[in-house]
Protein chains: 2
Amino acid sequence: MDAAAKPRPTRIQVQKRELILDAALDVFSTNGFRGSTIDQIADAAGMSKPNLLYYFKSKEDIHATLIQRLLETWLAPLHEIDDIGDPLTELKAYIRRKLEMARDYPRESRLFANEILQGAPRIMPLLEGELKSLVDEKAHIIKGWMRDGKIARTDPWHLIFSIWATTQHYADFDVQVRAVLGPDRGGEGRFDDAARFLEQLFLDGLRP
Amino acid sequence: MDAAAKPRPTRIQVQKRELILDAALDVFSTNGFRGSTIDQIADAAGMSKPNLLYYFKSKEDIHATLIQRLLETWLAPLHEIDDIGDPLTELKAYIRRKLEMARDYPRESRLFANEILQGAPRIMPLLEGELKSLVDEKAHIIKGWMRDGKIARTDPWHLIFSIWATTQHYADFDVQVRAVLGPDRGGEGRFDDAARFLEQLFLDGLRP
DNA sequence: CTAACGTTTGTCCAATCGGTCAAAATTTGC
DNA sequence: GCAAATTTTGACCGATTGGACAAACGTTAG
């Protein structure tokens, strides 16, 4: 027996930890880290503060767990890009996947946006390491497509930035998007409209 | 004499209020409203907390003043769009102006982003009122251009969103952009690269 | 010089926050 | 059914926070 071995978690522990993380995602994504209190999270999770602190040793601990989980799923769409398919189809698919993530996981998007806005204090090494090399790798693939004349010559890095920006906008700036579109066009259909628009923009631009 | 008349402010009052607002913009834009303390702002402004509270009656007061000022200048570029010039040139100019604002006023951009991320609690009426009608008006102009065959037919509202998203990305997600571009390409030249890329994207898209 | 006015500061307060702790309540293994 | 382990809670603590206040300090006009 290893002295440092962790006893395997109870079924209740697994459930409650999941419940807390979900509540914390709600609270952190709308109030930021410093704007959120343990009481708020405990409240949203339907338990008392000391009880919550029985499952996570600190507010930092909850936040770190959320960020770590987020990053695993967040970069998955980018990983899927490879150079076996048709380049334009591949990029269209990437844009669609990113837009679906903005629609289905807006809280995760806002949590990430909050972290970056504050200067990425907790994930800076990851941005400069894992994220940079992943983007560099995909930029290399895209450069190959340009050399082969499959897509127009342009800057692959800024292309990736523009895809991130346009898709995450629909999660991070959701209230503004809905306010501007108004009650008529701001409903669920806005994501379909966005998908159609973005496909046209990225493929053909505005020139008539 | 009106009993409620405000005595006109001293020159010192004008100076100090300006100093405080500048310091507060620094602090609020990097820490968010709840993440910022009056002490931090007072420190950044080089004065004591009670002294700061002599010029602004509360933390809310400082923030509200900043937001109000921000909005005046923030929508200026959109106001400038009209249908007397060439449509493609007009849109190119708008994109360039917005990108310059991201470069020259990143703190204002992040302050705005923070506010929207938290659900725009303080400016919701403005989004649904002034902003919506302004965007509707410009969308109408753009629709005219499309009818005239001057630019490709697409959704004007989402077009505006995509311009906001791509340009503000370079202010709000600056740390991520710099981390991914690395020390070589992440210098000041990144805005020129972005300008070139965005012009090509919005004009011609990726199709070869 | 001095009275009136504008500015600055030290001290204080109540509320909130993250986190602790021991005791009580509950669940689990046998 | 019962003892051990797990879970939940109420009470509490020190630190931080937004803000109040009166006293002190400076400045300026007569």
Side-chain angles (χ1 to χ4, degrees), chain A residues 1 3-67 114 118 121-122, chain B residues 1 3 5-67 111 114 118 121-122:
Chain A
M1 279 290 274
K6 297 170 185 170
R8 77 134 91 113
T10 313
R11 191 165 50 88
I12 290 187
Q13 277 171 354
V14 175
Q15 282 179 348
K16 289 293 173 81
R17 279 180 64 98
E18 218 57 39
L19 186 70
I20 292 169
L21 286 175
D22 188 70
L25 185 54
D26 265 351
V27 177
F28 280 140
S29 67
T30 53
N31 301 106
F33 180 77
R34 284 216 48 185
S36 307
T37 70
I38 298 185
D39 279 296
Q40 282 176 37
I41 300 172
D43 236 43
M47 64 180 67
S48 64
K49 180 168 62 171
N51 195 9
L52 183 149
L53 285 169
Y54 171 72
Y55 292 104
F56 288 90
K57 71 175 198 291
S58 71
K59 184 178 161 184
E60 280 277 357
D61 189 18
I62 307 175
H63 192 259
T65 306
L66 274 179
I67 289 277
N114 257 308
Q118 324 270 313
R122 302 156 221 273
Chain B
M1 279 288 276
K6 296 171 187 171
R8 76 135 91 115
T10 311
R11 195 161 51 88
I12 290 189
Q13 277 171 355
V14 175
Q15 283 179 350
K16 289 293 172 80
R17 279 179 65 96
E18 218 56 39
L19 186 69
I20 291 169
L21 286 176
D22 189 70
L25 184 54
D26 264 352
V27 176
F28 280 140
S29 66
T30 52
N31 301 107
F33 181 76
R34 283 216 50 186
S36 306
T37 70
I38 299 185
D39 279 297
Q40 281 175 37
I41 300 172
D43 235 45
M47 64 180 66
S48 64
K49 181 168 64 171
N51 196 10
L52 183 148
L53 285 168
Y54 171 71
Y55 292 103
F56 288 91
K57 72 173 198 292
S58 71
K59 182 178 163 185
E60 281 278 356
D61 188 19
I62 308 175
H63 192 259
T65 306
L66 273 180
I67 289 276
L111 183 70
N114 257 309
Q118 325 266 311
R122 304 158 219 272

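Proteins get letters first, then strands, A, B, ... in listed order; numbering begins at 1 in each.
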Margin query: With rounding to the nearest 0.5 angstrom, report the CD1 to CG distance, B:Ile41 to B:Leu19.
Written below: 12.0 Å
Produce the list of close N/O pairs, under 3.5 Å, pairing protein atoms with atoms of nucleotides 17-21 of chain D; give distances to one decimal.
{"from": "D:dG18", "atom 1": "OP1", "to": "B:Ser36", "atom 2": "O", "distance (Å)": "3.2"}
{"from": "D:dG18", "atom 1": "OP1", "to": "B:Lys59", "atom 2": "NZ", "distance (Å)": "2.9"}
{"from": "D:dG18", "atom 1": "OP2", "to": "B:Ile38", "atom 2": "N", "distance (Å)": "3.0"}
{"from": "D:dG18", "atom 1": "N7", "to": "B:Lys49", "atom 2": "NZ", "distance (Å)": "3.1"}
{"from": "D:dG19", "atom 1": "OP2", "to": "B:Lys59", "atom 2": "N", "distance (Å)": "2.8"}
{"from": "D:dG19", "atom 1": "O6", "to": "B:Lys49", "atom 2": "NZ", "distance (Å)": "3.3"}

Set out, line by line, the N/O atom pairs under 3.5 Å between protein and nucleotides 27-29 of chain C.
none

Notebook entry, point to check: What's the shortest heavy-atom distance between A:Ile38 and A:Lys49, and which atoms?
Noted result: CG2-CG, 3.6 Å
Note to self: Just N and O in the side chain of B:Ser48: are any of them under 4.0 Å from OP1 or OP2 of C:dT9?
What the structure shows: yes
Margin query: So, taking the atom named CE in B:Met47 and the one named NZ in B:Lys16, what distance separates them when rounded to the nearest 0.5 Å?
Written below: 5.0 Å
Check: Are any of B:Tyr54's side-chain N or O atoms less than 4.0 Å away from OP1 or OP2 of C:dT9?
Finding: no
Note to self: I need the NZ-P distance between B:Lys16 and D:dT27, as an integer number of Å.
What the structure shows: 11 Å
Next item on the list: May I ask you to decide if the ring planes of B:Phe28 and B:Phe33 are parallel, tilted or perpendicular, using 30° and 60° as cut-offs?
Entry: parallel
Next item on the list: Assign B:Phe56 to base, sugar-phosphate, or nothing according to its heavy-atom contacts below 4.0 angstrom with the strands shown.
Entry: nothing
Check: Is the phosphate of D:dT9, meaning OP1 or OP2, less than 4.0 Å from a side-chain N or O of A:Asn51?
Finding: yes
Notebook entry, point to check: How close or far is atom P of C:dC17 from atom CG of A:Leu52, stated in whole angstroms?
Noted result: 14 Å
Next item on the list: Quickly work out the A:Arg17 CZ to D:dT8 P distance and round it to whole Å.
Entry: 14 Å
Notebook entry, point to check: Nearest heavy-atom pair of B:Asn31 and B:Ser36: which atoms, and what distance?
Noted result: CB-OG, 3.4 Å
Next item on the list: Please name the pair of heavy atoms, one in A:Ile62 and one in A:Ala24, separated by the smallest distance, quoted to 0.1 Å.
Entry: CG2-CB, 3.5 Å
Next item on the list: Can you see which heavy atom on A:Arg17 is nearest to which on A:Tyr55, and at what distance?
Entry: NH1-O, 3.0 Å
Note to self: How close do B:Val27 and B:Ala44 get, counting heavy atoms only, and between which atoms?
What the structure shows: CG2-CB, 4.3 Å
